[in-house]
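Each remark here refers to the structure printed beneath this line.
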Amino acid sequence: MDKQIETYKDIKNWKESEIRNHISDTVSLNSFHDEVMKAVFSLALKKMNKEPPCRFSWFITGSGGRREQGLISDQDHGIIYEIENSECAGYFSSLGEKLADGLNISGYPYCDGNVMASNPLWTKSIAKWEEQLAYWLKEESWATIRSLQIFYDGRSLIGEEEYIRHLKCYIHQSIQHNPNLLKRLLENVRHIKNSIGPLGQILTEETGTYKGSINLKYTAFIPYVNGVRLLALKEGIEDTSTNGRMEALIMKSPYNEDLHKYIESFKQLLTYRLLLMNDVESYDDAHHLFIKNLNKEKKNEIKKILKNGKRLHQYVANLIEQGVKSWL
Amino acid sequence: MDEMFYLNSLWTMLAAILVIFMIGGFILLEAGSTRMKNAGHIAGKTIFSVGLTFLVFWAVGYGFIFGGDGNFFVGMTDFFVSGAESGASDVSDAVFFVFQSAFAAIAVCIALGGFAERAKFPVYVGFTILFSAFVYPVVAHWIWGGGWLAAHEKQDFAGSTVVHLTGAMAALAATILLKPRIGKYNKDGSANNLAGHNQVYTTLAVLILWVGWFGFNAGSTTSVDGAFFGYVALNTNLAAAVGAVAALAISWVVLGKSDIVTTLNGALAGLVAITASCAFVEPWAAVVIGLVAGLLVFYSTKFFDKMKIDDPIFALSVHGAAGVWGTLSNGLFATPELAAANGGSAGLFYGGGFGQLGVQAMGVFTAGLYAFVASFIILFILKKLMNGLRVSEEEEIMGLDISEHGNYGYPEEFLTEKNNNNKLTS
């Protein structure tokens, strides 16, 4: 960052001018996103005109948390702060709002699901976070289980890394005490958009400007991301990226035998997503891969990625269901 | 007058009621397949246009089809039908007239499907009058009223060509002249799915049409003699059933999902296709005819989308493509016995050679061409007279309920405080 950053608009301009230098690999791109979001945080903090009243962690989740952001992605984040009192609550709620607005101006659109530090559900003292997680685990409703999955992809961007580690540890322990929870988590992400037809053909969008394309996010990423997250929850893996989680899992049995081909496919998938970025203009563009433009070899590769995503998902489901059965 | 006369008349009257009730099916089919902002208009205009059709049909339509002093083109007596019984027929003339009026109304419903969501209301009025006077009766006379195709013994038991293809060709002329709805096609040529607002309506519509079709096909016996209507009903039911199953299967195989809209269209396509052949073929052939219709309607829908012909309620595929197939299927599957009993000769697969198939093809071509050209000319004239067929862009976007009729089909949906505020400030 060479020039002086004074407004969110400055950050947006800087992001837009620099981001294309980082699209050669996912790691570099996500480090850049981190840098940009940290700049947003600094500016938001400056606008508070007051230092934080206690220690805290600003964490990001979703694709950012997993270090899997593309060129354009929306914002998902929350805050964990140390001390439970009204002064801290007021301060971080206000900071959360500034962060959400700032990110939005800087090119990270508001989150449709309202997973933002401006939402009191995602900004709490560590004590209240513990209570909330306990409630989410106990309630086991569709929405609370979904929130747990989102939280589990979180990583600290600013502040105390220890806070989120502590809270995740709490989730992991709860699961170990009650393996049935894993099944509940599995049920929550059981749906995969069908991507291969009965004749083995790739099922593409039928209408609209994306006709002939597949939505990589829903047909390819989601099965890998959700499947691997479940394994991470089961095994208490700290890493938040799907790739990192798989690398960690593969050190353990039985994954050391089973996961290799899925890791390979997921890496290929990331490469395809990077390829897409060369002519991306909108959030939807970033997810749609036009199948018609691919040669036969590439088509088969995509097919394999899609099939392996489905297989991985099934593999995880079997593992969890068997695990629950043996525990019972 | 003997018992058979009364029984035939009663059966035909029952069938007429069933066919008129099919209009309810069209109301739900069209309303369900289109958007909320046009629902009241689409539904209401059907009642109005059917009323108009009955009047025109009484005045001139029936006479053009069945009147005496006929030429190859139309009949020239029996205008302003008196309802007096001639005593020459084994079914009541008045009942037969009501039954035939219902068929004309169905043809109008199909044709107007091509106008959906963008035509001006006066265009419906003008077209309904001219179509039910000069388009439908001409084709019906050719095939059913002793016209030139009847002389060739063209087989069309209940109207795959006469009713369905004629209606569909008018719809085609309308869709071409009206052009696609706003938002249907993108700049890059890709089509958007302007999904209908109520799939439950559409589904219920298909069931109503399915039931009504027993009047349409089995009723076209206009006689209880030998209870042949049962055989016709059997074939009709089979074709509808297999049409639905085939369409569902093809959508699953190609799209990877069991598509509801395709399934519904498949049932209707099966019904349309068997309409010509229901009295001429064996049940196994009815299954084949329905099966092909179910597959055909799926690809036909894709074809019209690709050709940039915006067909909101699938009239061209369901009534046009399936109507053509159904008519041609006679030339393949008609059995010698049933052809002997009901007219024409056996089909290709029963040793009849290409004779009947040729007649069927000629019938499809000439009737289809006449219906298209005549409808096109009518609409072209209306376009000049009415300064365009289509509502303005603004009217289309606000919806025809409010722009054409000043009322919403779903008032609570549109008359919110927010919308009212918008209106005040705009």
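Values reported hereafter were calculated over all heavy atoms of this structure, with side chains retained and with hydrogens, waters and symmetry mates removed. Labels below follow one simple rule: chain letters A, B, ... track the order of the sequence lines, proteins then strands, and each chain is numbered from 1. Note that the structure is a prediction, hence the values are computed from the model and not measured.
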As an exercise: rank A/T209, A/I196, A/L199 by heavy-atom pairs under 4.5 Å with chain B and give me the winner.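 Highest number of pairs under 4.5 Å: A/T209.
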Quick check: A/H287 with A/Y210 (ring centres under 6.0 Å apart)?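 Centroid separation for A/Y210 and A/H287: 6.0 Å or greater.
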Within the supplied structure, the quantity of interest is the number of heavy atoms (other residues, nucleotides, ligands) at a distance under 6.0 Å from A/E264 CD; does it exceed 12?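 Counting neighbours around CD of A/E264, 12 or fewer heavy atoms of other residues, nucleotides or ligands fall under 6.0 Å, so no.
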A/Y218, OH atom: more than 12 neighbouring heavy atoms under 6.0 Å: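 No, because the 6.0 Å sphere around OH of A/Y218 holds 12 heavy atoms or fewer from other groups.
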Could you check whether the rings of B/H197 and B/Y410 sit parallel, tilted or perpendicular, using 30° and 60° as the cut-offs?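 Taking B/Y410 first and then B/H197, their aromatic rings stand perpendicular (interplane angle over 60°).
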Examine whether an atom of B/N193 lies under 4.5 Å from a heavy atom of chain A, and if so say whether it belongs to the side chain, the backbone or both; otherwise answer neither.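 Contact with chain A involves both backbone and side-chain atoms of B/N193.
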Non-hydrogen atoms of chain A under 4.5 Å away: do they reach the side chain of B/K257, the backbone, both or neither?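 Contact with chain A: side chain only.
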Mind ranking B/V254, B/N186, B/N192, B/L255 by heavy-atom pairs under 4.5 Å with chain A and telling me who comes out on top?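 Result: the option with the highest number of such pairs is B/L255.
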